[in-house]
Amino acid sequence: MNRNAWRRTAAVARKEFLHILRDTRSLVLALALPLVLLLFFGYALSLDVDRIPTLVYDQDGSPQSRTLVERFRGSRFFDILGQVDGYGEIERRIDRGEVLLGVVIGDDYSSDLAQVRPAQVQLLLDGSDSNTASIALGYAESVVQLHGLELLAEARNLKAGRTRAAAVEPRLRVWYNESLESRNYIVPGLIAVILMIIASLLTSLTIAREWESGTMEQLLSTPVRPFELALGKLSAYFVLGLADTLIAIGAGTLIFGVPLRGSLLFLFATSCVFTFGALSWGILISAVTRSQLLASQVGMVTSFLPAFLLSGFVYAIENMPAVIQVVTHIVPARYFVAMLKGIFLKGVGPAVLWTELFFLAVYGVVVFAATTRKLRQKLA
Amino acid sequence: MKAVEVDNLTKRFGQFVAVDQVSLSVEQGEIFGFLGPNGAGKSTTIRILCGLLSPTSGRATVNGFDVAAQSEQVKQNIGYMSQKFSLYDDLAVEENIEFFGGIYGVPAAEREERKRYVMRMAGLEDKGGMPTRLLPGGWKQRLALGCAVLHRPPILFLDEPTSGVDPIARREFWDLIYQFSEAGQTVFVTTHYMEEAEYCHRLALMYRGKVIALGTPQELKRQAGLPSMEQVFVEMIEREEAGA
């Protein structure tokens, strides 16, 4: 870049920065939004299922059936709200949404066990939220099965005269998110969603505003080149984007206690590459629509929805239909989410994540080039 | 070399012919007026000359540079003021001047002096820190003109620069135009105020995309045998209507 090109770019960046500073409301919004979104999603969007509200209908009332109830009571996944004496109350309270699970033990439970017949336990579930219901069902089944196995082993030991049972017991070791907390998994991905929304929203107005106020026509009559205009605008918003990145990373680790196992420097470098692409996307939208209203709507739809739904941030990409899986490859947030999870939870670096970083860089350059091209077009 | 040379210039938007085979030339240092009713094609012609629109056919040069092929050089040599007020409302007076100084590439050594010149010219010496949106219309207009001449362009294009400004501010604005002209700068100005037409060295009357009359105000009045520009204007357009 020669001296004049540099001077023009700097003039645009400085002017754009003044716009940002003068518009106090947007500035506050831009800096507060990441925190608000992070708190909002971080606390509200929990995929953990525990303390399942449960009612017990024990028709048998025997020591054996009470032992089974005690097994449920002893698990942290169930919260026994009470015992009832009929199906009516279970049904009513499931209808009202107060109870998720009903455990019904038949009146022949202890006699079946005594006569070595399969004893049956009925589990009633509110399946209207299928995801929660299937997780709850899994927990309930394993409580019942485990108890069944214990009874079986006890019976065999009694017969053989042994006191200790031989059984296969799994020893579990979960890697990367030892406590299996969904928050550790959600918060890093959330940073990608937040940055995408903010970056696109911030910049989507910038060119459209110039078109609407007539200043774009003035700029086109000056020697400033499209590349310089786009770069100048981008660099002003880049400062804001980096501030947002720091806020999001800080809140994620300090407020939510998400472990940051990888390099902070690499995390920051990655965020810069992603922010560059997201800001370019916003500027491109602005240049194409030339209207602030349209630009902000298009910006929201094209940034928020793909970043939220197609990035693998909560919804696993492997579970999507093949066509959608292909589509996710053009969503930049997909690569960033993968990198964030890798850096935060697995502590991996460029050696593992270079392909993702490469795609993010390519995306940024392509979108920026498209923006420059679009700005080169004349008035009509 | 002529300041502006236009040869058979045509601009179509779909079926609509906005500029229809216009030819004219403007001498250096001349104040050249473009007169005509709204929609006559004045602004479109100016926008082509500033490199904002591409011509459909025909040729035009500004300070010797072809507007279609050498738009970068054209932009280095012109100052343009569009119909719509086009400074940044949320920036202070000085910040607007500094911004345009930057994108016009005014050398660092001259920037301070040029800024003071523009503020003096616009009568805003003590209002540098004032937000531009608070300025009254006439001041805004002069500030916009000042920003367009920061880099001392040889040619100035002013598209209805005085619309919506009171008569005294208009008169002061024209004093500035005369100063530029005396300093050797060419001024290409569109207007629909008849008394402003009288101030121009030469005039082109534009109607429905065509130049229907061209000459000094005196020549045009003599040709039509009428005493005022307003009568000449109406007469010429009626003649054109009858002919069409």
Side-chain angles (χ1 to χ4, degrees), chain A residues 1-28 205-233 235-236 287 290 292 372 374-380, chain B residues 11-14 18 43-44 46-56 67-68 71-92 94-108 111 131-133 144 147-148 150-151 153 156-157 159:
Chain A
M1 260 163 68
N2 64 34
R3 269 243 310 282
N4 269 336
W6 182 242
R7 192 177 289 160
R8 289 190 295 256
T9 310
V12 174
R14 182 162 175 269
K15 172 208 86 136
E16 212 61 35
F17 207 73
L18 288 171
H19 286 320
I20 297 173
L21 290 181
R22 294 291 144 77
D23 188 0
T24 324
R25 226 180 322 164
S26 301
L27 182 63
V28 169
L205 301 180
T206 175
I207 304 268
R209 191 169 44 214
E210 305 247 17
W211 278 111
E212 283 181 7
S213 68
T215 46
M216 194 66 196
E217 188 170 331
Q218 190 68 44
L219 288 181
L220 288 174
S221 78
T222 72
V224 71
R225 295 196 188 99
F227 176 80
E228 297 152 8
L229 189 62
L231 188 65
K233 282 179 176 280
S235 43
R290 297 185 183 185
Q292 294 192 70
T372 309
K374 184 71 207 167
L375 286 175
R376 193 166 292 138
Q377 287 177 10
K378 307 202 170 188
L379 281 178
Chain B
K11 177 70 187 179
R12 277 196 204 90
F13 295 105
S43 293
T44 306
I46 279 209
R47 284 171 172 167
I48 294 172
L49 294 176
C50 293
L52 299 173
L53 288 173
S54 316
T56 310
V67 294
S71 70
E72 290 225 358
Q73 287 92 326
V74 169
K75 287 173 186 181
Q76 306 275 6
N77 283 279
I78 62 164
Y80 169 62
M81 205 180 140
S82 69
Q83 270 178 39
K84 222 168 149 185
F85 173 73
S86 50
L87 299 178
Y88 296 95
D89 263 340
D90 55 333
L91 263 51
E94 273 182 318
E95 288 164 348
N96 264 304
I97 300 174
E98 284 158 11
F99 169 64
F100 282 98
I103 59 169
Y104 280 124
V106 175
R111 225 175 287 170
T132 307
R133 67 171 178 282
C147 287
L150 268 171
H151 53 309
L156 259 177
F157 290 98
D159 195 1

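To find a chain, count down the sequence lines: A is the first, B the second, and so on, and within it residues start at 1.
- Heavy atoms closer than 4.5 Å to chain A are found in the side chain of Glu72(B), but not in its backbone.
- In terms of heavy-atom pairs under 4.5 angstrom with chain B, the leader among Val224(A), Leu21(A), Asp23(A), Thr222(A) is Thr222(A).
- For the pair Leu219(A) and Ile103(B), the minimum side-chain heavy-atom distance is below 4.5 Å.
- Checked options Glu210(A), His19(A), Gln218(A), Arg209(A); the residue passing with Tyr88(B) is Glu210(A) (criterion: side-chain hydrogen bond (donor to acceptor under 3.5 Å, both in side chains)).
- Across His151(B), Arg111(B), Gln73(B), the residue that shares the most heavy-atom pairs under 4.5 angstrom with chain A is Arg111(B).
- Annotation: side chain of Phe99(B) is in contact with side chain of Val12(A) (closest heavy-atom distance under 4.5 Å).
- Taking both residues in full, the closest heavy atoms of Gly214(A) and Ser86(B) are given as O-CB, 3.6 Å, listed atom of the first, atom of the second, then distance.
- Only the side chain of Arg22(A) comes within less than 4.5 Å of a heavy atom in chain B; its backbone stays farther off.
- With a threshold of 4.5 angstrom between heavy atoms, Phe100(B) approaches chain A through side-chain atoms but not through N, CA, C or O.
- When heavy atoms are compared at a cutoff of 4.5 Å, Leu229(A) does not approach chain B at all.
- Minimum heavy-atom separation, Gln76(B) to Arg8(A): NE2-NH1, 4.4 Å.
- Nearest heavy atoms, Gly102(B) versus Ala11(A): CA-CB, 3.8 Å.
- Both the backbone and the side chain of Ser221(A) come within less than 4.5 Å of a heavy atom in chain B.
- Top candidate by heavy-atom pairs under 4.5 Å with chain A, chosen from Val74(B), Leu91(B), Asp90(B), is Asp90(B).
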